[in-house]
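For reference, the structure is listed below as structure tokens.
Index from 1, following the sequence. In this text, all values refer to a predicted model and were calculated from it rather than measured experimentally.
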Amino acid sequence: TSNTDLDLSGANTKISSRGGADGGNGGFLYLSSNGTLTVSGSNLDVSTAAANGNGGSMYLSSGLDAGSASGALIVSGNLNANGTGNGNGGTIEITVLNTQTQSDFSVQNNSAFTLSANSGLDGGNGGTININAGGNLTVDGNALSVAARGKDGDGGTISLNAGATGSNQIGNGNQVL
């Protein structure tokens with residue numbers, strides 16, 4: 001946790017807490033800032049590398065000081081918490097607490113930003129993605145995936161929450177659903 005802004009930028013930045021190839025589940029990653037958290041050009045991965053394993057848990061939060069004028073969360077990179085084999089998908093949680101304009105959060109489907117908490121290819125349940133914005137929340141559903149990718153298993157859960165004065169806009173490409 002940073003008491004000021006936290007910037008993890010760079011074209012080749014990768015933070016990983018993956019389970020081992022011989023066994024194990026994905027790990028745990030927690031990044032938070034009282035100010036602005038920037039994860040730009042980065043890939044964050046708490047998946048597992050084992051033949052069978054559950055995805056891990058990832059938590060990103062910014063604007064923990066609700067009275068602060070800063071507190072944006074800026075993400076451009078892939079966030080992965082995938083299971084393998086018959087493992088379940090993991091958890092990705094994003095929270096922007098500040099209720100100022102900077103706390104608006106947007107998830108757009110482009111090559112620079114996807115969130116996935118999918119099960120393994122042989123079974124397991126899809127994972128969980130929670131996004132909480134203190135202001136407006138705009139999401140392209142194509143950028144989120146909590147699929148059960150095997151022939152057995154349940155789909156995962158996606159929870160999207162905008163602040164009291166904000167609004168949710170959930171779209172599919174150019175179409176708002």
* Does one side chain, of Ser159 or Asn161, offer a donor that lies under 3.5 Å from an acceptor on the other? -> yes

* Between Ala148 and Gly155, which heavy-atom pair has the shortest distance, and what is it? -> CB-N, 4.1 Å

* **Sequence-distant partners of Ala147, side chain to side chain contact (heavy atoms under 4.5 Å, CB included), two or more places apart** => Asn118, Ser145, Arg149

* Taking atom CG of Asn25 and atom CG of Asn88, what is their separation to the nearest 0.5 Å? -> 9.0 Å

* Under the side chain to side chain donor-acceptor pair (under 3.5 Å) test, residues paired with Ser47 that sit two or more places apart -> Asp45

* Structure fact -> Sorted by chain and number, sequence neighbours left out, side chain to side chain contact (heavy atoms under 4.5 Å, CB included) with Tyr59 holds for Phe28, Tyr30, Ser57, Thr91, Glu93

* To do: Kindly say whether Asp122 contributes a backbone atom to a donor-acceptor pair with the side chain of Asn86 at under 3.5 angstrom?
  => no

* Strictly by modelled atom types, are Asn78 and Thr114 linked by a side-chain donor-acceptor pair under 3.5 Å? -> yes

* To do: Answer whether the closest heavy-atom distance between the side chains of Leu115 and Ile94 falls below 4.5 Å.
  => yes

* Asked: When rounded to the nearest 0.5 angstrom, what is the spacing between CG in Leu31 and OG in Ser62?
  -> 11.0 Å

* Closest non-hydrogen atom pair, Ala117 against Gly90 -> CB-O, 3.4 Å

* To do: For residues Gly24 and Ala50, report the shortest heavy-atom separation together with the two atoms involved.
  => O-CB, 3.7 Å

* ILVMFWY network linking Val146 to Leu121, side-chain heavy atoms under 4.5 angstrom -> no

* Structure fact -> With sequence neighbours left out, the residues meeting side chain to side chain contact (heavy atoms under 4.5 Å, CB included) with Val46 are Ser17, Leu29, Met58, Ala81

* To do: State the CG-CG distance between Asp154 and Asn125, to the nearest 0.5 angstrom.
  => 4.5 Å

* Asked: What residue among Val96, Ile158, Thr95, Leu137 forms side chain to side chain contact (heavy atoms under 4.5 Å, CB included) with Ile131?
  -> Leu137

* Structure fact -> In terms of heavy-atom contacts, Ile92 and Leu79 come closest through CD1-O, 3.4 Å

* Can you name the residues that form a side chain to side chain donor-acceptor pair (under 3.5 Å) with Ser116, not counting sequence neighbours? -> Asn80, Asn82

